[in-house]
Amino acid sequence: MTTSAAPPPGTTPSAFAPATTEPELSTQWDAKTVEARWYQRWLDAGIFAPDMVAARAGKKPYVIMMPPPNVTGSLHMGHALFVTLQDLLARKHRMQGDPTLWLPGVDHAGIATQAVVERELMRHEKKTRHDLGRAAFLDKVWAWKEKNGDRIVEQLKAMGASADWSRERFTMDEQCNVAVNEAFVRLWQQGLVYRGERLVHWDPALLTSLSDEEVEHEEKDGELWRFSYLLKDDKGETTDQEIVVATTRPETMLGDVAVAVHPEDERYLSMVGRELVHPFFPRRRVVVIADAYVDRAFGTGAVKITPAHDPNDFEMGQRHSLPLINIFTIDARVNAALFAADAGGGGGEFAGLDRFEARKRVKARLEELGLTRGTQPIKHNVSVSQRSGVVIEPMLSRQFFVKTKGFADEALKITGSHGGVAETRIIPEYWQKTWDHFMNNIRDWNVSRQLWWGHRIPVFYDLSKLDEVIEADANRKGTTTEALKAQTEGLTGKKLLEIALRCVDDELVMTKLALASTENLEAKDPGRYAQEEDVLDTWFSSGLWPFSTLGWPNDTEDLRLFYPGSVLETGSDILFFWVARMVWFGKHLMGKSPFSDVFLHAIVRDAYGRKMSKGEGNALDPLDVINGTTLSDLLQKTKSYPIPEKKIERVLKGLEKEYPEGIPAAGADGLRFTLAALSSQGRDVKLSIPRAAGYRNFLNKIWNATRFALMKGGTGPVKSIDATRSSFQLADRFILSKLQRTIETVSMAIDEYRFDAVANTIYSFFWNDFCDVYIELSKTALEGSDEAARSAARTTLLHVLDSSMRLLHPLCPFLTEELWQQLPGRAERWPGIAFCAVAPWPVVDAGLIDVQAERELALLTEAATLIRNVRQEAGLSPRKPVDVDVVAVDAVVVATLLSVRDVLSRFAVIETLNIVSRAGYTAPKLSGATASGNFEVVVHLEGLIDPAKEKGRMVREIDRALRELQGLQKRFENPDFVAKAPVDVVAEGKANMLALDEKLLRLRAALKRLG
RNA sequence: UGGCUCGUAGCUCAGUGGUAGAGCACUACCUUGACACGGUAGGGGUCGCUGGUUCGAUACCAGUCGAGCCAACCA
């Protein structure tokens, strides 16, 4: 492409110097200006869309579905990590020429979004959603979504995400709605959906049920509190006999209908079957039952049973046909109706009390009645809503469930857990076990949510059948039901439906009253049909993501080309929420698992390994790492987080200590590089800011290395590698060889999801091999008079930079694009290719691998290091040239070093360099010396050093070599070692020993010379 | 209670059946014409502990201690 295009708004023209004129790179890389420059250009060029021509021609596409972030959320470290990794994969494959689709989108996040909007509504208008009504409230949510929905997308773009935004989807857009309805109706027709009255996890703050996965368990200190029930005699009179129960939730005794004991527990055997006196509800029947579930050793061995508010009690209630007494309203207050229905007793005083308040009052009242029997502290798990943080109340309610057994069995097969070839691989592998465990213990999925924001369940109740169903239900039960009563009182339509849905048998409702339909029957015939009020769990629509986004249920080209996908990359924390659902639905509705690989990245934690959480005050905002921030801004921001009072002081102190200088700007590229470097498999990502600063420095190093090439690399046309091959010097051969190894390692590391290896390999190649060694050596050639050597260095510099930029591009797209564009000869080298982002992925040129060059260069750097060592230990200025004798152990080493004599002289700042063989060599009187197995280095130091100091250094070095030698000797003393160890290991040991011998010999001689 | 992961340099982490590496931090010297967000050299670890397998274990096995995560019906 030409570089004469006008710079995009917001950038300075000087930053847009055409590559053909004098480069104008500043001495420091500035992420902000570089990163502002490229994204829009990539978008305008349309390079993020898959190559449809290739795809249609049958080239295997590479497809990643982006995990859709919450529409009203903002960028957090988890997003930063997934963008980094997925973008890396997508960009690499795009460069490889695969038709690459990275499909982005956002999720409506039912509960989270509704909760936010409800909170706003309360804060600004002091209204609840019920004050507004469903339609008006939903308008508010949509408005909120429109206002805040783009923020996260903008942030993803700022991170460099090369997703195909032309295919962006929202889980509640029309296409996804169609898919959701279609999927639900199909499941319904296949008998995989049922309606049931179950004990569900109820969130009393958000007023909805939750799935098993949305509940977390926290260990808390509680008390095991005891009280007694008095037994009745056979005439129903109260006796003074009692049975003591232990409970952590005394308030639930308001719903007690039994006390259970173990059937073989002799203490209670005589009491089984007898009735008990409920202190507040004298007319309620409470019996002693025997059930093997009871643990005789725990508590008193007698358990109070509240079937409507405890999952175990519920099951026991089913086994013993106990009644269910719901004692709470939906916001977990004691239901006043309880007392009306069970008239004649006390207890009205509890009506309307919050459950925790009720606990106190129940305890106090039982105390007054003389029924308390002591207490003991206990550690127990409390179920907490992941959404609101409120303690879950197990509540009886009617919900739609999806049968999961069949899905789970398929899911086990797909990952190869039932033997056979896995259709989908889970990486890292150890997650497989967790997957199996989950699938083997799965319970049916509660898909109803008592929310308004979401996909309204496409179930319609036929009002014309209502009367018939209510009567049939009453007949079946042989009693007058609530619904029948309402009916005779003249209630009709939706009002009557509401009551009927509470009491009519689910089976009747499912077969006679309800039907699932993709068509909105209520809209079509509102007189006859009423749609179910509840919405579907968010994960229902997310589960369809891999194909709803491609147009399913329609038979679209996208669907044919891009399903199933290649890899699903996401956080391990949503393996079950999301990945499992997608696998279930993908297999069931599409016949194929939606992806061949599942890569689970670790959770980003703070530098101490704690989960990043705003409530803990340790959540780092990715934008602060990208743009940098001052300490005071950081403190200010943290103060706005919901941190408990007592913690805030400590948290702020910690930040002051941690980031006294604030956070330096690492840029999106810097953050990406850091996250990749830290994300090794099987470990959490502990984000360390000093490390991010270190990688930021690395990117600056790249910037300056390129600057060097542009400034000192010479001018004129750039020759190809092939045209230059014959004039390559040792250094050229060395770096080109190392480059091939780097290309190979990096390519492999990406394919194996070893992102830390990707970053570290490039890092050490570029900094250690290219900058520290090659660039330094190239200076001799570039400044020298040998035209061929100069031209070779130019070719090599630019070739290595060009390859390095392409190699690093998937990880640091902005920086590499910027620099790649500046490289001379780019247009000739890559005709028709406008961006690094679409330049070919580097491939290994085996012809450039040069073991000899690597070995020879190692000799050179070894010599240089030894010389510098002596010089520095002697306290000489690094710039002061010295006279050096290198006494080589054999002729090969002599020849090698002679061939790089000039380079070595410059590298080690040498005035006169003598490279000789040992024969006939006599060392000068006063010299500093050191040695390796290959040569001795003698630095002439007459009048320059303190012999005593030099002697000390030598003694230390001899010591070290001696210790190493002794270790080796010990191994060889063991006859088994020589006999059993592999030959190459033995040979290597022998060679090392010889080298150490040689080294020691030289060092001792040198020491002797010093006197 | 069960399962999983992790204990390696001051910190954050790689690593391999053959006697340990990186980055940051530290010490000394260097404002050298790519880069002080830099250069050169250096110091620093009995690889959590105890056994076992092996010629050889930081690595494999068992146990143990510690940290964390996940899943759980002991009220």
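Order of the sequence lines fixes the chain letters, A, B, ..., with proteins taken first and strands second; residue numbering starts at 1 for each chain.
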Review item, side-chain donor-acceptor pairs of residues 965-991 of chain A, under 3.5 Å, at least two apart:
residue   : atom : partner   : partner atom : Å
Asn974(A) : OD1  : Asp976(A) : N            : 2.9

For a quick test of your reading: what N or O donor-acceptor pairs under 3.5 Å do the side chains of residues 767-776 of chain A make, sequence neighbours left out?
residue   : atom : partner   : partner atom : Å
Tyr774(A) : OH   : Asp732(A) : OD1          : 2.5
Glu776(A) : OE1  : Lys779(A) : NZ           : 3.2
Glu776(A) : OE2  : Lys779(A) : NZ           : 3.1

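The P atoms of U5(B) and G45(B) are separated by 31 Å, rounded to the nearest whole Å. Spacing between U58(B) and U16(B) at atom C1', rounded to whole Å, works out to 9 Å. Using P as the reference atom, C73(B) and G15(B) are 36 Å apart when rounded to the nearest Å. Comparing the same atom, C1', in A75(B) and in G3(B) gives a spacing of 25 Å after rounding to whole Å. When the P atom is compared between C60(B) and U8(B), the two are found 15 Å apart, to the nearest whole Å. A distance of about 14 Å separates the P atoms of G18(B) and G56(B), rounded to the whole Å. Comparing the C1' positions of C35(B) and U31(B) gives a spacing of 12 Å, expressed to the nearest Å. Across A57(B) and G48(B), the matching P atoms stand 15 Å from one another, rounded to whole Å.
In this structure, of C74(B), A34(B), C13(B), it is C74(B) that holds the atom nearest to the side chain of Asp295(A). Closest to the side chain of His437(A), out of A71(B), U12(B), G18(B), is A71(B). Closest contact between the side chain of Arg754(A) and the listed nucleotides U19(B), G15(B), C55(B) involves G15(B). Candidate nucleotides G18(B), C35(B), C55(B) were compared by shortest atom distance to the side chain of Asn974(A), and C55(B) ranks first. Residue Asn704(A) places its side chain closer to A34(B) than to any other of A75(B), A34(B), C37(B). Listed nucleotides C55(B), A34(B), C74(B) differ in distance to Asp976(A); the shortest reach to its side chain belongs to C55(B). Closest to the side chain of Ala705(A), out of C73(B), A34(B), G18(B), is A34(B). Nearest nucleotide to the side chain of Leu678(A), out of A34(B), A36(B), U12(B): U12(B).
Remark: the Thr252(A) side chain and the Lys304(A) side chain contain an N/O donor-acceptor pair separated by less than 3.5 Å.
Counting non-hydrogen atoms under 4.0 angstrom, Lys970(A) reaches nothing in the nucleic acid. Across all strands, Pro982(A) comes closer than 4.0 Å to base atoms (heavy-atom distances). Here Tyr763(A) lies in heavy-atom contact (under 4.0 Å) with sugar-phosphate atoms only. Among the atoms of the strands shown, none is found under 4.0 Å from any heavy atom of Arg871(A).
Spacing between atom CD of Glu315(A) and atom C1' of C74(B) amounts to 13 Å, rounded to whole angstrom units. In this structure, Arg906(A) atom CZ and G33(B) atom P are separated by 12 Å, rounded to whole Å. Residue Glu988(A) contributes atom CD, which lies 14 Å from atom C1' of G56(B) at whole-angstrom precision. To the nearest angstrom, P of G38(B) lies 12 Å from CZ of Phe698(A).
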Using atom names, set out every protein N or O paired with an N or O of nucleotides 39-41 of chain B below 3.5 Å, distance rounded to 0.1 Å.
residue : atom : partner   : partner atom : Å
G39(B)  : OP1  : Lys701(A) : NZ           : 3.0
G39(B)  : OP1  : Trp767(A) : NE1          : 2.5
U40(B)  : O3'  : Arg868(A) : NH1          : 3.4
U40(B)  : O2'  : Gln872(A) : NE2          : 2.8
U40(B)  : O2   : Gln872(A) : OE1          : 3.3
U40(B)  : O2   : Gln872(A) : NE2          : 2.9
A41(B)  : OP1  : Arg868(A) : NH1          : 3.3

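Screening residues 665-677 of chain A for side-chain hydrogen bond (donor to acceptor under 3.5 Å, both in side chains), with sequence neighbours left out, gives Asp87(A)-Arg672(A).
Scanning for ring-ring contact (aromatic ring centres under 6.0 Å, His included) contacts around His601(A) gives an empty result, with sequence neighbours left out. Residues that satisfy the ring-ring contact (aromatic ring centres under 6.0 Å, His included) test with Phe438(A), not counting sequence neighbours, are Phe576(A). Listed by chain and number, the residues in a side chain to side chain donor-acceptor pair (under 3.5 Å) with Thr930(A) are Glu957(A) (sequence neighbours excluded). In terms of the side chain to side chain donor-acceptor pair (under 3.5 Å) criterion, Thr780(A) has no residue partners (sequence neighbours excluded). Legend: residues meeting salt bridge (charged side-chain N to carboxylate O under 4.0 Å, His left out) with Glu911(A), ordered by chain and number and at least two apart, are absent. Annotation: side-chain contact (heavy atoms from CB on, under 4.5 Å) contacts of Ala929(A) (sequence neighbours excluded): Glu936(A), Val938(A), Met954(A), Ala1006(A), Arg1009(A).
Between Glu393(A) and Arg249(A) there is a salt bridge, since at least one side-chain N of the basic residue sits less than 4.0 Å from a carboxylate O of the acidic one.
Stem list for RNA chain B (at least 3 consecutive Watson-Crick or G-U pairs, distances under 3.5 Å): B:1-7 with B:65-71, B:10-13 with B:21-24, B:26-30 with B:38-42, B:48-52 with B:60-64.
RNA chain B is contacted by both Arg956(A) and Arg443(A); Arg956(A) maps to the nucleotide lying nearer its 5′ end (nearest heavy atom per residue).
Ring geometry, Tyr763(A) versus Tyr695(A): the interplanar angle exceeds 60°, so the pair is classed perpendicular (tilted spans 30 to 60°).
In terms of phosphate contacts, Lys880(A) brings no side-chain nitrogen or oxygen within less than 4.0 Å of OP1 or OP2 of C30(B).
Remark: of the listed residues Ile305(A), Val303(A), Asp310(A), Ile305(A) is the sole one forming a side-chain contact (heavy atoms from CB on, under 4.5 Å) with Met316(A).
Near RNA chain B, defined here as any heavy-atom distance below 4.0 Å, the residues from residues 957-969 of chain A are Arg960(A), listed numerically.
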